[in-house]
Amino acid sequence: QVHLVESGGGLVQPGGSLRLSCAASGFTFSEYGMNWYRQAPGKERALVAGISGVGGSTRYADSVKGRFTISRDNAKNTVYLQMNSLKPEDTAVYYCMAQRASVGYWGQGTQVTVSS
């Protein structure tokens with residue numbers, strides 16, 4: 001059974017940092033690209049960052065380039081999202097997503113709130 005469990009969300013002041021983690025199980029982790037999406041209230045879910053199966057290729061939404069870093073540890077079946085210089089507009093539920101061809105798995109999400 002596939003499980004993706006996000007953690008690390010919370011309340012942080014503008015300019016602060018958080019590191020999200022997503023622990024995966026139930027599939028061959030290294031064979032899947034891993035993505036972080038986010039969904040703010042009243043908005044569609046959008047891609048934040050993605051990383052290839054062996055971690056050699058990454059991509060980022062323009063809004064987070066230079067502030068967020070995605071990484072993965074295939075030995076721990078975990079993907080991370082380091083978020084620095086957080087802004088109020090980064091407030092959203094952040095979701096982990098595993099993808100290989102047309103197959104995709106989602107986590108349950110973790111709330112990130114950026115507010116003073």
> Once you round to the nearest 0.5 Å, how far does OG of Ser63 lie from CG of Asp90?
Replying inline: 7.0 Å
>> Side chains of Leu4 and Val79, heavy atoms from C-beta outward: is any pair under 4.5 Å?
In response: no
> Taking Arg67 for the side chain and Ser85 for the main chain, is one N or O donor matched with an acceptor at less than 3.5 Å?
Replying inline: yes
>> With rounding to the nearest 0.5 angstrom, report the CZ to NZ distance, Arg59 to Lys65.
In response: 11.5 Å
> Would a distance-only check, ignoring hydrogens and angles, find a side-chain to backbone donor-acceptor pair under 3.5 Å from Glu6 to Gln108?
Replying inline: yes
> Should Met97 and Val93 be regarded as members of a common hydrophobic cluster, given that ILVMFWY residues are connected when their side-chain heavy atoms come within less than 4.5 Å of each other, either directly or indirectly?
Replying inline: yes
> Side chain of Ser21, backbone of Tyr80: donor and acceptor closer than 3.5 Å?
Replying inline: no
> What are the two closest heavy atoms between Gly8 and Leu18, and how far apart are they?
Replying inline: O-CD2, 3.8 Å
> At what distance, to the nearest 0.5 angstrom, does OH of Tyr37 lie from CZ of Arg45?
Replying inline: 9.5 Å
> Looking only at heavy atoms, which two atoms of Val112 and Gly9 are closest? And how far apart?
Replying inline: CG2-CA, 4.1 Å
> So, does Gln99 use its side chain to make a donor-acceptor pair with the main chain of Val103 at under 3.5 Å?
Replying inline: no
> Does the side-chain hydrogen bond (donor to acceptor under 3.5 Å, both in side chains) test come out yes or no for Ser17 and Asn84, once each step is laid out?
Replying inline: CA-CA 4 Å; Ser17 298; Asn84 299 329; 3.0 Å; yes
> Any side-chain heavy atom of Tyr60 sitting closer than 4.5 Å to one from Leu47?
Replying inline: no
> In Å, rounded to the nearest 0.5 Å, how long is the span from OG1 of Thr58 to CE of Met34?
Replying inline: 14.5 Å
> Do side-chain atoms of Ser52 reach the backbone of Ser57 as a donor and acceptor pair under 3.5 angstrom?
Replying inline: yes
> Just wondering, do Arg19 and Met83 contact through their side chains at under 4.5 Å, heavy atoms?
Replying inline: no
> Does the side chain of Pro88 reach to within under 4.5 Å of the side chain of Ser115, using non-hydrogen atoms?
Replying inline: no
> From Leu11 CG over to Ser116 OG, what is the distance, rounded to the nearest 0.5 angstrom?
Replying inline: 9.5 Å
> Which atom names give the shortest non-hydrogen contact between Gly107 and Tyr95, and what distance separates them?
Replying inline: O-CD2, 3.7 Å
> Which pair of heavy atoms, one from Ala40 and one from Ala92, lies closest together, and at what distance?
Replying inline: N-CB, 3.8 Å
> Are side-chain heavy atoms of Val48 and Leu81 found at a separation under 4.5 Å?
Replying inline: yes
>> Treating Arg72 as the side-chain partner and Gly33 as the backbone partner, does any N or O pair qualify as donor plus acceptor under 3.5 Å?
In response: no
>> How long is the straight-line distance from CG of Asn35 back to CD1 of Ile70, given to the nearest 0.5 Å?
In response: 6.5 Å
> Side chain of Thr78, backbone of Lys76: donor and acceptor closer than 3.5 Å?
Replying inline: yes
>> If you count heavy atoms of other groups shown closer than 6.0 angstrom to CD of Glu89, is the number above 12?
In response: yes
> Under 6.0 Å between the ring centres of Phe27 and Tyr105?
Replying inline: yes
> Does any non-hydrogen side-chain atom of Leu20 lie less than 4.5 Å from one of Gln82?
Replying inline: no
> Checking side-chain hydrogen bond (donor to acceptor under 3.5 Å, both in side chains) for the pair Tyr94/Arg38: CA distance, chi angles, key distance, verdict?
Replying inline: CA-CA 4 Å; Tyr94 283 71; Arg38 67 185 180 189; 2.9 Å; yes
> Is the centre of the Phe68 ring less than 6.0 Å from the centre of the Trp36 ring?
Replying inline: no
> Do Val12 and Val64 sit in the same hydrophobic cluster, where Ile, Leu, Val, Met, Phe, Trp and Tyr count as joined when their side-chain heavy atoms come under 4.5 Å apart?
Replying inline: yes
